[in-house]
Each structure stands twice: as C-alpha cells, then as structure tokens.
Student: 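Quick one: structure below, then a few questions.
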2 protein chains.
Amino acid sequence: MPKEPGPASGEQARQLALTRLRQAILHGEMAPAQRLVENELAEQFGVTRASVRAALIELESEGLVERIRNRGSRVRVVSVDEAVAITECRMALEGLCAAKAAVTAGDGQLDRLTEVGEAMTKAVADGEPMLYSDLNHELHALIREFSGQQTAVSLLERLNGQLVRHRFQLALRPGRPQQSLSEHLAMIDAIRARDPQAAEAAVRSHLASVIEALRG
Amino acid sequence: MPKEPGPASGEQARQLALTRLRQAILHGEMAPAQRLVENELAEQFGVTRASVRAALIELESEGLVERIRNRGSRVRVVSVDEAVAITECRMALEGLCAAKAAVTAGDGQLDRLTEVGEAMTKAVADGEPMLYSDLNHELHALIREFSGQQTAVSLLERLNGQLVRHRFQLALRPGRPQQSLSEHLAMIDAIRARDPQAAEAAVRSHLASVIEALRG
DNA sequence: GCCAACAGGATTGTCAACGATTCTGTTTGC
DNA sequence: GCAAACAGAATCGTTGACAATCCTGTTGGC
C-alpha cells in the first residue's frame with residue numbers, strides 16, 4: 001500500500017487523521033465491525049499514533065466507532081432497532097428544522113428546493129437509485145441549513161453519520177424511491193407555502209414511512 | 001492546593017480526568033470562559049497531560065469546552081440565543097420521550113413520577129428554589145429514562161450539560177418555580193393517564209414557557 | 001479426548017521530552 | 001505620542017518509547 005502524500009498544507013496531523021478516517025467510514029471503505037488498529041492507521045495516513053488515537057476518541061463520541069478498553073476500536077454497527085430509534089429522533093429534530101425553514105428561508109433558497117425536487121423526479125423517472133439517494137441527502141441537508149438552527153443541525157449530522165449503511169440499503173430497494181418521492185415533494189411544497197405546521201407534518205410522515213421501510 | 005489522592009482503584013487516568021473535569025464544569029467550579037491549561041489540570045488531578053488532553057477532546061465534542069488551536073481550552077459559554085436554540089431541540093426530543101414514556105412506563109415508574117411531583121409541590125410551598133431545581137432536573141431525567149429511547153437520551157444529556165449555568169439562573173428567579181410547577185404537574189398527569197399526545201403537548205408547552213423565561 | 005494453566009504475541013494506555021505557534025510587554029523609529 | 005517591529009514567555013501539538021492489559025495457541029494433567 002502506498003504511503004500517503006503529505007497533508008494538504010497547514011492541516012494538522014490530528015485533523016487529517018480525523019477527516020480521513022471519517023471519510024473512510026462514511027464511504028464504506030471500512031467494513032462494519034472491522035478492527036481499527038491504531039498502528040496500522042497511523043502508517044496508512046502518515047501520522048503518528050497519538051493523532052490517530054485522538055481522532056478515534058472524537059469519532060467514538062460521534063458514535064461512528066466503538067472502543068473497548070485494551071481491546072481496540074471497531075467500526076460501530078447499528079442494528080435495525082437502533083436505526084429506528086435514530087430515525088425517530090430525526091423525526092423530532094428535522095420536523096423542528098422544517099418548521100423553522102418554512103418561516104425563515106429566503107426566496108432564493110426556496111427556488112433551490114424546487115430545483116432539487118425536480119432533479120429527484122427526474123432521477124426516479126430515469127431509474128437511477130444512487131443519484132436519487134444523493135439528492136435525498138442533499139434535500140434534507142438543505143432543509144437543515146435553511147432552518148438556521150445550528151444546534152439541531154449538528155445533532156442531526158451526528159445522527160445521520162450513523163445511518164450511512166442503512167441509507168444505501170434502503171435506496172436500492174425496488175419501489176422505494178417512487179414512494180419516497182411523493183413524500184419529499186410534499187415536504188418541499190409545504191415549505192414553499194411557508195406553512196410551518198404542514199412542513200413539520202410532512203417531514204414527520206416521511207420519516208415515519210422510512211421507519212416502516214427499515215422494519216420491513 | 002492539595003494534590004489529589006489516588007483514583008478509585010482500577011479507574012484509568014483518562015477516565016478519571018474526564019469524570020473530574022466534567023463534574024467540575026457541571027458543578028460550576030470552573031468559572032465560565034475560564035482558561036483550562038492542560039498542565040495545571042494534569043497536576044491538579046494527578047495524571048499526565050496526555051490524559052487531560054484526551055479528556056478535553058472528548059469534552060469538546062460534548063460541547064462543554066471550546067478549544068482553539070495553539071490557544072488552549074476554555075469552558076464554553078452559551079449565549080442566551082444558543083440556550084433558546086438548545087431548548088427548542090429539547091422541546092422536540094423530550095416531547096418524543098414523554099410520548100414514549102406514556103406508553104411504555106411501568107406502574108411502579110408512574111408512582112415514582114407522582115412522588116417527585118409531590119416533592120416539587122412541597123419544595124415550592126417551602127420556598128426552596130434550589131431543591132426545586134434539583135427535583136426539576138430529576139423529573140426530566142426520569143421521563144427520559146422511562147422512554148427507553150437510548151439515542152434520544154444521550155442527545156438530551158449532551159444538550160442539558162450545556163445549560164447548567166442558565167438552569168441555576170432560572171431557578172432563582174422569583175415567581176418562576178410557581179409557574180413551572182403547574183406545567184410539571186400537567187406533564188406528570190398526562191403520562192400517568194398514558195396519553196402520549198397529551199404528554200408530548202405538555203412537555204412542549206412547558207419548554208416553550210422556559211424559552212420565554214430565558215428571553216425575558 | 002477434554003479442560004485448565006501457561007507462555008508468547010499483539011495492542012492499547014501512559015509517560016516525559018522536544019518542537020512549533022501564539023500571545024504579551026517592551027523597545028525602536030517616525 | 002504612537003504605531004510597528006521585536007524578543008521573551010507561555011502553551012499547545014507531536015514524537016518515540018515504556019508499561020500494562022488482553023487475546024491466542026500450546027502444553028500438561030486428568
């Protein structure tokens with residue numbers, strides 16, 4: 001395995017290790033439950049063990065890795081039950097964000113939502129589930145962003161990080177994008193109508209449907 | 001300053017530093033925005049700097065301390081606006097917990113809630129705001145616990161950690177306990193009635209009142 | 001043949017020291 | 001008198017090595 005080139009100038013070792021590791025986990029390059037040996041990672045990223053260690057501690061409190069005393073670190077696997085519980089929290093928090101976004105979003109931001117909605121419609125029509133999944137992610141991110149609720153946003157990003165694997169699994173299920181599409185469009189419409197209650201309700205009902213799909 | 005005695009046997013250095021520091025911040029022993037110098041803390045807790053450092057990294061991602069590159073760590077101060085945003089998230093998440101608790105709590109657990117409610121009533125009658133504040137905290141903790149929603153609980157504990165200072169400030173405001181008491185009793189009644197919607201609504205309206213008080 | 005005790009290897013936890021960066025108070029030039 | 005440059009101190013970031021702990025495969029006894 002080739003040794004990593006020098007970090008993007010100025011980036012500190014710990015930061016680099018953190019970014020790389022998080023990316024690797026989120027992109028699924030690390031198998032679930034894979035052992036994460038500090039020494040190996042250190043060599044792979046071209047940093048020292050202490051930096052890797054610091055990154056692992058941070059990722060542990062983000063819920064992405066699991067650390068056991070004197071036993072090492074592993075990529076955390078979330079069970080279906082956990083995924084459901086996490087999505088229930090998302091229901092509560094994204095509902096809040098959608099309601100806020102319906103009130104505070106600017107007109108340009110609303111147009112942005114419309115664009116994404118159209119792209120999603122096209123992705124479903126063309127039968128591109130992975131593209132749809134990406135747009136799905138983007139839509140939720142935009143709603144979070146437009147809400148201006150920094151606290152809720154950081155909580156939600158933490159939660160979403162734990163769901164990567166389940167998200168892919170869900171997107172590839174046949175028929176799922178079609179059902180999900182109409183729910184997403186309803187969310188967009190409610191926000192564009194600047195109706196906070198309808199927006200919250202639309203988000204909650206969408207995520208309730210996600211929960212059902214997870215369980216199914 | 002006396003040097004700390006040895007840790008409770010078996011507790012590792014990093015864990016010890018983490019626990020101690022968190023306790024100190026939560027109990028208000030560290031002034032807000034106080035500088036947290038790694039060397040001083042290391043000597044004070046009788047551990048090495050590396051352990052303190054690891055603890056600080058963890059506390060940073062819990063939102064209790066703020067770290068700036070090459071500038072050191074500080075106790076994070078949350079502005080009123082942030083406190084409001086945090087409480088809005090609590091509204092969403094504790095609402096979820098209350099609804100779940102109303103369905104899943106056992107009878108013994110419901111009795112426990114009743115007890116706390118009575119103790120709160122007594123504390124207000126006796127004019128003991130600090131005792132009331134503690135019971136307040138306990139009540140919310142019980143509802144979280146009874147919900148069985150582990151994910152939501154850990155998010156909420158993180159959020160609550162950031163509000164310590166504001167909580168004390170609020171509890172000592174004249175007239176506040178009286179208003180808060182009836183809201184708390186309404187929450188308890190709704191859960192005891194096993195009515196999830198009413199429980200969620202009661203929690204939300206209580207926290208909305210907290211937000212108003214924070215802003216006032 | 002099976003279970004317990006035991007050595008070997010691997011991995012993490014901890015430590016003390018070095019180097020890099022940033023702030024603070026002072027001095028110098030205008 | 002004031003702004004900019006400078007030296008000094010303080011503090012964090014990083015490194016490499018050592019000690020403690022735990023798993024694994026093996027051996028010996030029953």
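Within every chain, numbering begins at 1; the chains are lettered A, B, ... in the order of the sequence lines, protein sequences first and strands thereafter. This one's a predicted model, so the numbers in the text were calculated from it and none came from an experiment.
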Student: Set out, in order, the CA-CA distance, both residues' side-chain angles and the distance that settles side-chain hydrogen bond (donor to acceptor under 3.5 Å, both in side chains) for Y132(B) and H137(B), then state yes or no.
Tutor: CA-CA 9 Å; Y132(B) 180 77; H137(B) 196 54; over 6 Å; no
Student: Tell me: CZ of R14(B) to P of dT12(C), nearest whole Å?
Tutor: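 Result: 13 Å.
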Student: Among R69(B), R74(B), R67(B), exactly one meets salt bridge (Lys or Arg N to Asp or Glu O under 4.0 Å) together with E60(B). Which residue is that?
Tutor: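 Answer after filtering R69(B), R74(B), R67(B): R67(B).
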Student: Can you tell me the distance, in whole Å, between the CD atom of E60(A) and the P atom of dT12(C)?
Tutor: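 Rounded to whole Å, this separation is 13 Å.
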Student: Atom CZ of R74(B) and atom P of dT11(D): how far apart are they, to the nearest Å?
Tutor: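 These atoms are roughly 13 Å apart.
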Student: Among dG13(D), dT11(D), dC15(C), which nucleotide sits nearest the side chain of A13(B)?
Tutor: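 For the A13(B) side chain, the nearest candidate turns out to be dC15(C).
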Student: Might you work through the side-chain contact (heavy atoms from CB on, under 4.5 Å) test for M30(A) and L41(A), ending with a clear yes or no?
Tutor: CA-CA 12 Å; M30(A) 305 286 194; L41(A) 296 174; 4.1 Å; yes
Student: In whole angstrom, what separates Q15(B)'s CD from dT14(C)'s P?
Tutor: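 Taking atom P of dT14(C) as the reference, CD of Q15(B) is at 9 Å.
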Student: Taking only nitrogen or oxygen atoms into account, show me every contact under 3.5 Å that the protein makes with nucleotides 20-25 of chain D, one pair per line with its distance.
Tutor:
from    : atom 1 : to     : atom 2 : distance (Å)
dT21(D) : O3'    : N70(A) : ND2    : 3.2
dC23(D) : OP1    : R71(A) : NE     : 3.3
dC23(D) : OP1    : R71(A) : NH1    : 2.3

Student: Mind calculating the distance between CD (E38(A)) and C1' (dA17(D)) to the nearest angstrom?
Tutor: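 Roughly 15 Å, once rounded to whole Å.
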Student: Does anything in residues 48-59 of chain B come within less than 4.0 Å of DNA chain D? Heavy atoms only, and list the residues if so.
Tutor: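 Going residue by residue through residues 48-59 of chain B, the ones with a heavy atom under 4.0 Å of DNA chain D turn out to be R49(B), R53(B).
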Student: Mind checking the OG-CD spacing from S61(A) to E62(B)? Nearest 0.5 Å is all I need.
Tutor: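 Rounded to the nearest 0.5 Å, the OG-CD separation comes out at 7.0 Å.
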Student: What is the distance, to the nearest angstrom, from the CG atom on N39(A) to the C1' atom on dG16(D)?
Tutor: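 Between C1' of dG16(D) and CG of N39(A): 12 Å.
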Student: Taking atom P of dC12(D) as reference, at what distance in whole Å does atom CG of L36(B) sit?
Tutor: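 Answer to the nearest Å: 9 Å.
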Student: Are the charged groups of E40(B) and R35(B) less than 4.0 angstrom apart, N to O?
Tutor: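 Looking at R35(B) together with E40(B), the answer is no, because their closest N to O distance does not fall below 4.0 Å.
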Student: Any Lys/Arg nitrogen of R204(A) or E94(A) sitting under 4.0 Å from an Asp/Glu carboxylate oxygen of the other?
Tutor: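 No, no charged N to carboxylate O under 4.0 Å.
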Student: Judged by modelled atom types alone, do Q162(B) and R76(B) share a side-chain donor-acceptor pair under 3.5 Å?
Tutor: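 Present: a donor and an acceptor within the cut-off.
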Student: How many whole angstroms separate atom CZ of R67(A) from atom P of dT12(C)?
Tutor: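 One finds 9 Å between P of dT12(C) and CZ of R67(A), rounded.
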Student: Ion pair present between D107(B) and R194(B), side-chain N to carboxylate O less than 4.0 angstrom?
Tutor: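 Salt bridge present between D107(B) and R194(B).
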Student: Could you tell me whether R14(A) and E58(A) have a side-chain N and a carboxylate O separated by less than 4.0 Å?
Tutor: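 Salt bridge: yes.
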